[in-house]
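Written below as structure tokens is the structure these notes are about.
Each ligand, and each atom within it, is numbered from 1 in the order the structure gives.
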Amino acid sequence: MAVMFEKVAVLGLGLIGSSICLGMRENNLARVISGHAKSVETRQVARELDLVDEVHDTAIDAVKNADLVILCVPVGACGAMAKEIGPHLKSGAILTDVGSVKGAIVRDCSPHVPKSVHFIPGHPIAGTEQSGPRSGFAAVFHGKWCILTPMKGSDAQAVSTLTQFWQNLGSMVDVMDAEHHDMVLAITSHLPHLIAYTTVATAADLETVTNSEVVKYSASGFRDFTRIAASDPTMWRDVFLNNKDAVLEMLGRFSEELAVLQRAVRWGDGETLFNLFTRAREVRRGIIAAGQDTAAPDFGRGQAKS
Ligand code: NAP
């Protein structure tokens, strides 16, 4: 594959940042990858794993002369980082991010982006519950969607270049506005995380069922909630602080559905329960048919062991 960029700067070298670096290396997308992480430890691991060609102590040094700059830090940290690097961005460069919320990124970063820089927010719908520079792997983006949320007046050529970049990392790309992104992700990602956190917290607080029983019998469903609930607390705190309206809207709808189920359980309304469960099963089948998960029983866990 032909080199796409002379220099790419990746700011934040956790799960997503390090995965992008590995993907760029695998596909030869940048002649030079420069990286910055906040902590000395992460910068040290980046050197050890050879994630980037240059490790910088400051974001300002990392972005010098970069043609593409990717913010890979928690949503709540992007505004301050954009403010810091804004005056040092190369004219004509593309600035993007990977944050799980888009409206807040536009709100917090736009004021600091020079007119000569193409700011195109993005969000790869890919990841795991792991975090940190050792958790990255290039294949995390393979076959997964990446959503770009260009603003009105965004340069079409820059959007096309960034689309190509994500496709070269193995993703499929969709374009939508930031507000719509936040509504879609509120139901597909943010609400499930909130429910998982609540379920795990409820189990942890139970008095009639012991913690050891919760662990012992977790394979009956609870375990799958704990995987989601093991996600990085900083990242998820920032998601809920920054996608408040859409999450509250989805939570309202969820509560109504829950009330319907609660009533059906109370009154022994098997038909309502059966119909709802049947609809839900169809959704799962649709996800498998779209190649977004494995059809193997137990998410392929059995196969992974053998
Ligand atoms: P991560 O593994 O925890 O890595 C976060 C990185 O950001 C680390 O390099 C960390 O630096 C740095 N950082 C943390 N707080 C910072 C601050 N206040 N200022 C500057 N740098 C800071 O997280 P991640 O999973 O890669 O997530 C990064 C972004 O990707 C988030 O915006 C998240 O919403 C988005 N995202 C995540 C997933 C997922 O599944 N995890 C999927 C899609 C998008 P140190 O290592 O030096 O502490």
Side-chain angles (χ1 to χ4, degrees), residues 9-23 33-49 51-52 55-63 69-85 95-106 108-109 112 121-142 144-149 166 169-171 173-174 178 181-182 184-186 188-190 192-193 196 227-243 247 292:
V10 180
L11 308 180
L13 296 168
L15 167 69
I16 300 297
S18 64
S19 296
I20 291 175
C21 292
L22 293 168
I33 305 174
S34 104
H36 160 72
K38 169 170 72 81
S39 69
V40 178
E41 293 77 24
T42 299
R43 296 201 291 266
Q44 193 46 45
V45 175
R47 285 188 191 96
E48 183 196 315
L49 300 180
L51 289 176
V52 296
V55 181
H56 293 281
D57 293 355
T58 71
I60 292 173
D61 286 339
V63 303
V69 175
I70 313 174
L71 306 179
C72 301
V73 297
V75 170
C78 286
M81 195 159 258
K83 185 175 181 184
E84 189 185 348
I85 61 170
L95 173 67
T96 188
D97 76 299
V98 296
S100 306
V101 179
K102 298 277 51 95
I105 294 284
V106 172
D108 296 347
C109 296
H112 308 297
H123 178 203
I125 313 299
T128 71
E129 68 281 14
Q130 310 286 330
S131 52
R134 292 186 193 278
S135 58
F137 55 106
V140 72
F141 305 120
H142 293 180
K144 300 291 187 294
W145 287 96
C146 178
I147 298 176
L148 301 182
T149 62
W166 279 105
L169 288 177
S171 289
V173 176
D174 251 351
H181 165 279
D182 289 355
V184 172
L185 269 291
T188 56
S189 169
H190 307 168
H193 276 81
R227 187 193 65 75
I228 298 177
S231 300
D232 185 65
T234 306
M235 168 184 159
W236 284 96
R237 177 202 62 197
D238 283 9
V239 166
F240 292 112
L241 290 178
N242 288 285
N243 198 21
V247 168
Q292 293 300 299

In ligand 1, which numbered atoms sit nearer than 4.0 Å to a non-hydrogen atom of [X]?
X      : result
His123 : 43 (C), 44 (C)
Thr128 : 40 (O), 41 (N)
Val75  : 32 (O)
Gly127 : 40 (O)
Gly12  : 9 (O)
Val98  : 29 (C), 30 (O), 35 (C), 36 (N), 44 (C)
Ser131 : 1 (P), 2 (O), 3 (O)

Answer yes or no: does an N/O atom from [X] fall short of 3.5 Å to an N/O atom of ligand 1?
X      : value
Leu13  : yes
Gln130 : no
Gly132 : yes
Ile16  : yes
Ser100 : yes
Thr42  : yes

#### Entry: Option whose closest heavy atom lies nearest to atom 37 (C) of ligand 1, chosen from Lys38, Met235, Lys144, His36
Met235
### Query
Where the closest heavy atom to atom 41 (N) of ligand 1 is concerned, which of Ile20, Leu11, Asn242, Leu15 has it?
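Selected option, by shortest heavy-atom distance: Leu15.
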Give the residue and atom name of whichever protein heavy atom lies nearest to [atom], and the separation in Å to one decimal.
atom                    : value
atom 42 (C) of ligand 1 : Ala126 O, 2.9 Å
atom 43 (C) of ligand 1 : Pro124 O, 3.2 Å
atom 12 (C) of ligand 1 : Val73 CG1, 4.0 Å
atom 6 (C) of ligand 1  : Cys72 O, 3.7 Å
atom 4 (O) of ligand 1  : Gly14 CA, 3.2 Å
atom 18 (N) of ligand 1 : Ala77 CB, 3.6 Å
atom 14 (C) of ligand 1 : Pro74 CD, 3.3 Å

So [Y] and [X], do their side chains get closer than 4.5 Å, heavy atoms only?
X      : Y      : answer
Cys21  : Leu13  : yes
Val106 : Pro121 : yes
Val173 : Leu148 : yes
Met81  : Val73  : yes

Roughly how far, to the nearest 0.5 Å, is the [atom2] atom of [Y] from the [atom1] atom of [X]?
X      : Y      : atom1 : atom2 : result
His36  : Thr42  : NE2   : OG1   : 10.0 Å
Met235 : Ser131 : CE    : OG    : 9.5 Å
Leu22  : Leu169 : CG    : CG    : 10.5 Å
Leu15  : Asp232 : CG    : CG    : 9.5 Å
Ser189 : Asp182 : OG    : CG    : 11.0 Å
Ile125 : Cys146 : CD1   : SG    : 7.0 Å

### Message
Students often mix this up, so state it plainly: with edges at 30° and 60°, are the rings of His193 and Trp236 parallel, tilted or perpendicular?
### Response
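Parallel, since the angle between the ring planes stays under 30°.
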### Query
Is there a heavy atom of Ala80 sitting under 4.0 angstrom from any atom of ligand 1?
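Per 4.0 Å heavy-atom rule, Ala80 does not contact ligand 1.
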### From CA spacing to verdict: salt bridge (Lys or Arg N to Asp or Glu O under 4.0 Å), Glu48, Arg43
CA-CA 9 Å; Glu48 183 196 315; Arg43 296 201 291 266; over 6 Å; no
### Message
Test side-chain contact (heavy atoms from CB on, under 4.5 Å) on His123 and Leu185; report intermediate values, then the result.
### Response
CA-CA 10 Å; His123 178 203; Leu185 269 291; 3.7 Å; yes
#### Entry: Pair Lys102 + Asp97, salt bridge at N-O below 4.0 Å
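Looking at Lys102 and Asp97, the cut-off is met.
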### Task
Please check if a non-hydrogen protein atom sits closer than 4.0 Å to atom 10 (C) of ligand 1.
no
